[in-house]
Every structure is written in C-alpha cells, then in structure tokens.
Amino acid sequence: MPAIPREFDGIYRGISEVFPHQAESKDPNENLLARLQQSDRPLRIKLGIDPTGSEIHLGHSIPVRKLRAFQDAGHTAVLLIGDFTARIGDPTGKSEVRKQLTQAEVKANAETYIDQVRPILDFDTPGRLEIRYNSEWLADLDLGKIIELLGTMTVGQMLAKEGFAKRYDQGNPVYLHEFLYPLLQGYDSVALKADVELGGTDQKFNVAVGRDLQRHFGLTPQFGMLLPLLLGMDGSQKMSKSLGNYVGLKEDPLSMYSKLEKVPDNMISDYFELLTKRDLGTLPENPREAQKQLALDVTGQYHGEASAQQAQKDAINLVQGGAGQAEAVPEFSLTAVNFPAKVFYLLGATPLCSSSSDARRQIKGGAVKLEGDKVTDPNVEFASPDELVGKVLQVGKKKFVRLVA
RNA sequence: GGGUCGUUGCCCGAGUGGUUAAUGGGGGCGGACUGUAAAUCCGCUGGCUACGCCUACGUUGGUUCGAAUCCAACACGGCCCA
C-alpha cells in the first residue's frame, strides 16, 4: 500500500483494518485516504458506545482516542450513546446473553461515560463533537420499519456471525431479539449519515451491516475502521471489566500507575502504540524502564503530569520503604469500627480484605503488617481508636491503608 | 404442545442417602524467588469481633434418625418430535 502521508499519522496509527480498502484507487468510496484528501467538508466519524456499565477503561479509550485524532484533523466526532440498544445487549463476543438494563441505569451510565471521555476528546472546538442518543430514532421505530430492516438480511447471514454460530453449535440459547442488534446499530449509521464508523475488530460484522443499510436507504456507505482489542493486564484476554484485568479511566493516579508499570513485557509496545503518541522507535531497551515510562505517560494523560510523577514516587516508596512513606496512601476512617476491636475484625472492615474471615486467612498466611510489623495473632485487641490513628495497615505488598479517626 | 436430558461454590467440573463447607482443575489472593513482572515452588480460597454458630448444591414442598444425593410440583435451558 502506498505510504500514508504524514498528516494522517494520527489517524492511521495502530489500526487493525480499514474497509473497504482499495489502496490504489482514487475513488473516495473505496479508499479512505482518497476520501480524506478529497472531501470538501468535515467527515462524520461515528463511535458507538453502549452504556452498559458505569466505568470505562483503557480498552474503551482506544477508539475514543482515534476519534480525537479525527477531530484534530478537522473532522466531526459523533459520539453515539446507545441508550436504546444497551437495553437489548450486544451479543458480540458474549458466550451468553447479556442482561437487559433499565432505562434509569442506562441514563446514569451514559452520563458518567461522557464525563470519563472528557480528558480524551476535544469538547471545546465548535463543530468537532456531536453527542447523540439512539433512542432518538430507535424508540419510535414502527413495526413496518422493523420488518423492513429484518428483511434486508437472511438467517444464514446472521449465523455467519461467529458468536451466533458458535453459541448455536454449542447448544446454547440464541434469542431472536439478538438478531435485531446488528440491524439497529447499522440503522444508527443511517440516521447519523456516518462517513466512517470506528470499532474494535469484533465489530466488523456490525459495521458492515451499517454499510448495507446505508446503501439500502440510498446513502453512501460508511468506511469501517477497526482497532485492535487491547489485552488486559493478565496478558492473555481482552481487557474487560468482568475479567478484572482492566485499568479504569477514573482510577486514582497511584493505582493507575501501579497497574501500568507491570504490563506484561510482550504487551509494552502495543500499549505504547495504542495508548500514547510516543514514537515507537524511541522506546527504551530495558523493559522495566519502558514500563515506567508507559505508566507515567498514560497516568499523565488522565491526571496531569505532576500527579503522575507523584504517583511514581509513591509507588517506589511503597514497595521499597514499606509503610508510611508515601503520601498517597488511601485513608480509612475508624469511625465505622466498633471498639474494642480485634485485628481481624478491623481488617475485615477495611477495603483491604473482603471479609473478616478473609482477614483471618491473610493474617494466618503472614500477609498482614501494622506499621511495618507483621501481625501474627488475629485476636490481638485494640481498646480504642487512639492507639491506631495514623498507623498504616498493609496486606500483601501493594495494598495499604492509613488509619484515621 | 409431546418426549427426553440437564441445573453444584467466581468459572469449569466431581459427587447419586451418613466426618459434607462438599474431590479436581482454572481463576483470584498470600508467601518464596525476581525486574514491583513472567515462569517455577508452597499455602489459602462461604459468612460471622468466631475455639462456637449460621447459610450453601435452580425454587418450593415431601420421604427419612439423616439428603447435594430419593419423590412431587414449578422455573429455566439443551436435544428430538410436532
């Protein structure tokens, strides 16, 4: 494929696939590069997000960052909140049916989403951002229209979609309403007159349906730009909240930094490519050093450089100096604890342990320290908060809490 | 609608009347090691201010001294037939 002109570096960085893709073609309907160069108006770049949870993570940030790259090139980011489709549940990549959400949940989620992408997108330049909700056109779809949509696809085409076929073959339930999802997402592209739709590689089918529907309704079909799925911190599965291998955009600087400084070695380069603007040719040889720079860069994007630097210092102190060194240790108020209190009970009350039973186990396992001293007896008792205030309670190497009144 | 099989702890999956908080694996957590990692080795992995008590094997009842294990109804799902 011909070299990508430098002004499109940001747009073409780290992508997985663009389709349709006729690299040699000058036809703006077959070659995104040609479209970008020939268009006399800002293109409409669609990114749909389903407000199905309240927290978004670095994996979600990738297409959002791409959206920003388009904004910076003068195009219009159309952030589509799938408030209506969220209530169906996208079956993509799911081995089972997703639960349906209530309207209130969806609305609350949508608001926090917008808040979380604020550091990434350009909210200020006029004409660069459009936030839309698909209930706007989906809520009142009449049956005739729905049947028209259903009529554009065959069952065979639907089943060609990997998730469906697999679930069906494995004898798992596939519900009819799930067939509607790709069609509705595609119809969103019709309603928004999207020129490009962004999505993870798992969205290829849905994006392609969007093209078909746009053509069906007499519009120019959109381009699909697919982005790699970010692997989670476990290095083996895609980042997702339910797998617990994620870094949330809302996390405090210290925990964000701590997680990122230990991304598996084989993922460091991908993380730099997808989450930063760093020139990949300049990465340090030493993986440890690279991890630190990555953590600093990404944490800085969400919390500012100063906070990121502080997080780095704290992370080092916490591990090397043990308790008490860092300034950013989260505090835990003893007001929620009844005295006299035994250590295991106290520990169970903090976020350090999931229960008092768990606390006993951790103590037995030799994981617990109070102000640097190992706790071995779960039954040692404290008569009043006074003897605890200011001290640092620790479970394992990285979980700390400073006790306060 | 009919027939048949299935439903176990975070997940998968043993267990078919009596040390059963329930074999095993995965995941998670902790310890050693290390690069604050990976790999490896070891331990833990329902709850309760707790040497005892409580809740757990889809739901609700039943049979039994005693059931996750037997029976019935219901719910949900798979497959086959219509």
Side-chain angles (χ1 to χ4, degrees), chain A residues 94-97 99-100 166-176 178 231-247 254-271 284-296 299 311-323 325-326 328-329 334 336-369 374-385 388 393-400:
Chain A
K94 296 289 161 185
S95 51
E96 47 192 87
V97 196
K99 68 160 187 172
Q100 300 188 16
K166 200 160 142 201
R167 280 163 55 195
Y168 190 69
D169 289 343
Q170 288 179 346
N172 290 317
V174 175
Y175 291 86
L176 286 173
E178 299 180 56
L231 289 182
M233 309 311 301
D234 59 6
S236 59
Q237 289 180 281
K238 83 169 186 179
M239 183 174 281
S240 94
K241 196 174 175 184
S242 51
L243 294 170
N245 59 355
Y246 70 106
V247 180
L254 180 58
S255 83
M256 188 179 256
Y257 181 91
S258 312
K259 286 185 185 178
L260 284 166
E261 70 160 352
K262 52 178 189 180
V263 284
D265 290 3
N266 61 339
M267 289 158 46
I268 295 176
S269 159
D270 286 349
Y271 269 51
E285 296 269 328
N286 182 317
R288 186 77 196 111
E289 184 53 33
Q291 286 175 319
K292 286 183 181 171
Q293 291 183 16
L294 172 71
L296 210 51
T299 307
Q312 182 174 55
K313 278 183 205 143
D314 285 345
I316 291 169
N317 284 337
L318 280 178
V319 173
Q320 292 182 347
Q325 297 283 342
V329 176
L334 292 168
V337 179
N338 297 321
F339 284 87
K342 296 181 175 172
V343 232
F344 81 87
Y345 158 67
L346 169 69
L347 206 52
T350 70
L352 266 27
C353 289
S354 58
S355 66
S356 62
S357 299
D358 181 40
R360 275 179 181 277
R361 282 181 226 118
Q362 296 293 179
I363 293 170
K364 245 180 262 172
V368 178
K369 288 181 184 170
K374 186 179 279 191
V375 177
T376 51
D377 178 6
N379 290 313
V380 289
E381 198 169 80
F382 301 97
S384 79
L388 290 169
L393 195 57
Q394 171 182 4
V395 173
K397 288 173 187 161
K398 346 165 190 157
K399 289 185 288 189
F400 304 82

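The analysis underlying the following values was restricted to heavy atoms, covering all of them including side chains, and did not include hydrogens, waters or symmetry mates. Order of the sequence lines sets the chain letters (A, B, ...), proteins ahead of strands, with each chain counted from 1.
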*Asks:* Indicate, yes or no, whether a donor-acceptor pair under 3.5 Å links the base of B/G35 to the side chain of A/Asp265.
*Replies:* yes
*Asks:* Quick test: give all pairs of protein nitrogen or oxygen and nucleotides 39-49 of chain B nitrogen or oxygen below 3.5 Å, distance rounded to 0.1 Å.
*Replies:*
{"residue": "B/G47", "atom": "OP1", "partner": "A/Ser355", "partner atom": "OG", "Å": "2.8"}
{"residue": "B/G47", "atom": "OP2", "partner": "A/Arg361", "partner atom": "NH2", "Å": "2.3"}
{"residue": "B/C48", "atom": "OP1", "partner": "A/Ser356", "partner atom": "N", "Å": "3.4"}
{"residue": "B/C48", "atom": "OP2", "partner": "A/Ser355", "partner atom": "OG", "Å": "3.4"}
{"residue": "B/C48", "atom": "OP2", "partner": "A/Ser356", "partner atom": "N", "Å": "3.0"}
{"residue": "B/C48", "atom": "OP2", "partner": "A/Ser356", "partner atom": "OG", "Å": "3.0"}
{"residue": "B/C48", "atom": "OP2", "partner": "A/Ser357", "partner atom": "N", "Å": "3.0"}
{"residue": "B/C48", "atom": "OP2", "partner": "A/Ser357", "partner atom": "OG", "Å": "3.1"}
{"residue": "B/C48", "atom": "O5'", "partner": "A/Ser356", "partner atom": "OG", "Å": "3.3"}
{"residue": "B/U49", "atom": "N3", "partner": "A/Pro340", "partner atom": "O", "Å": "3.1"}
{"residue": "B/U49", "atom": "O4", "partner": "A/Asn338", "partner atom": "O", "Å": "2.8"}

*Asks:* A/Phe344 versus A/Val368: any side-chain heavy-atom pair under 4.5 Å?
*Replies:* no
*Asks:* Give me the distance, rounded to whole Å, that separates B/C65 from B/A72 when you measure between the C1' atoms they each carry.
*Replies:* 23 Å
*Asks:* OP1 or OP2 of B/C79 versus the side-chain N and O atoms of A/Tyr168: is any pair under 4.0 Å?
*Replies:* no
*Asks:* Give a yes or no answer on whether the side chain of A/Gln394 reaches the backbone of A/Gly396 with a donor-acceptor pair at less than 3.5 Å.
*Replies:* yes
*Asks:* Mind checking whether A/Asp265 and A/Gln291 have side chains closer than 4.5 Å, heavy atoms only?
*Replies:* yes
*Asks:* For A/Asn286, give me all partners under side chain to side chain contact (heavy atoms under 4.5 Å, CB included), at least two apart in sequence or on another chain.
*Replies:* A/Arg288, A/Glu289
*Asks:* Please name all residues satisfying salt bridge (Lys or Arg N to Asp or Glu O under 4.0 Å) with A/Lys342, sequence neighbours left out, ordered by chain then number.
*Replies:* none
*Asks:* Rounded to whole Å, please give me the gap between CE in A/Met233 and P in B/A38.
*Replies:* 10 Å
*Asks:* Any heavy-atom pair between the side chains of A/Ser258 and A/Lys398 that's under 4.5 Å?
*Replies:* no
*Asks:* A/Lys292 has an atom NZ; how far is it from atom P of B/G35, in whole Å?
*Replies:* 12 Å
*Asks:* With P as the reference atom in both, quote the distance from B/G77 to B/U40 in angstrom, rounded to an integer.
*Replies:* 41 Å
*Asks:* Does the pair A/Val343 and A/Phe382 meet the rule for a side-chain contact (heavy atoms from CB on, under 4.5 Å), with working shown?
*Replies:* CA-CA 8 Å; A/Val343 232; A/Phe382 301 97; 3.9 Å; yes
*Asks:* Rounded to the nearest angstrom, tell me the gap between atom CD in A/Gln237 and atom P in B/G26.
*Replies:* 15 Å
*Asks:* If I pick the C1' atom on B/C81 and the same atom on B/C10, what distance separates them, to the nearest angstrom?
*Replies:* 38 Å
*Asks:* Closer than 3.5 angstrom, by distance alone: can the side chain of A/Tyr271 be matched with the main-chain N or O of A/Leu231 as a donor-acceptor pair?
*Replies:* yes
*Asks:* Among residues at least two apart in sequence or on other chains, which ones pass side chain to side chain contact (heavy atoms under 4.5 Å, CB included) with A/Leu334?
*Replies:* A/Val337, A/Phe339, A/Leu346, A/Pro385, A/Leu388, A/Val389, A/Leu403
*Asks:* Could you state the atom-to-atom distance from NZ of A/Lys398 to C1' of B/G31 in whole Å?
*Replies:* 12 Å
*Asks:* Just call it for A/Lys259: base, sugar-phosphate, or nothing, with non-hydrogen atoms closer than 4.0 Å on any strand.
*Replies:* nothing
*Asks:* Where are the stems of RNA chain B, defined as at least 3 consecutive Watson-Crick or wobble G-U pairs with both distances under 3.5 Å?
*Replies:* B:1-7 with B:75-81, B:10-12 with B:24-26, B:27-32 with B:40-45, B:46-48 with B:52-54, B:58-62 with B:70-74
*Asks:* Rounded to whole angstrom units, what separation is found between the CD atom of A/Glu285 and the C1' atom of B/G35?
*Replies:* 16 Å
*Asks:* Please measure how far the P atom in B/U16 lies from the corresponding atom in B/C70, and state the result in whole Å.
*Replies:* 10 Å
*Asks:* Go nucleotide by nucleotide along RNA chain B from the 5' end; which of A/Val395 and A/Asn379 gets its closest nucleotide reached first?
*Replies:* A/Val395
*Asks:* Could you pick out which residue, A/Gly366 or A/Ser258, lies toward the 5' side of RNA chain B when each is mapped onto its nearest nucleotide?
*Replies:* A/Gly366
*Asks:* Ring of A/Tyr257, cation from A/Lys313 - is the NZ or CZ under 6.0 Å from the centre and inside 45° of the axis?
*Replies:* no
*Asks:* Show me, pair by pair, the donor-acceptor contacts under 3.5 angstrom made by side chains of residues 353-361 of chain A, not counting sequence neighbours?
*Replies:*
{"residue": "A/Ser354", "atom": "OG", "partner": "A/Asp358", "partner atom": "OD2", "Å": "3.4"}
{"residue": "A/Ser355", "atom": "OG", "partner": "A/Ser357", "partner atom": "N", "Å": "3.4"}
{"residue": "A/Ser355", "atom": "OG", "partner": "A/Asp358", "partner atom": "N", "Å": "3.0"}
{"residue": "A/Asp358", "atom": "OD2", "partner": "A/Ser354", "partner atom": "N", "Å": "3.1"}

*Asks:* Expressed as a whole number of Å, how far does the P atom of B/G28 sit from that of B/C79?
*Replies:* 33 Å
*Asks:* How long is the line joining OH of A/Tyr271 and P of B/A37, in whole Å?
*Replies:* 17 Å
*Asks:* When the distance from NZ of A/Lys397 to C1' of B/A37 is rounded to whole Å, what number comes out?
*Replies:* 11 Å
*Asks:* Taking the C1' atom in each of B/U23 and B/U8, what is the distance between them to the nearest angstrom?
*Replies:* 13 Å
*Asks:* Distance between the C1' atoms of B/G47 and B/C80, in whole angstroms?
*Replies:* 44 Å
*Asks:* Using the C1' atom as the point on both nucleotides, what is the distance between B/C12 and B/G18, in whole Å?
*Replies:* 28 Å
*Asks:* Between A/Asp234 (CG) and B/C29 (P), how many Å, whole number?
*Replies:* 11 Å
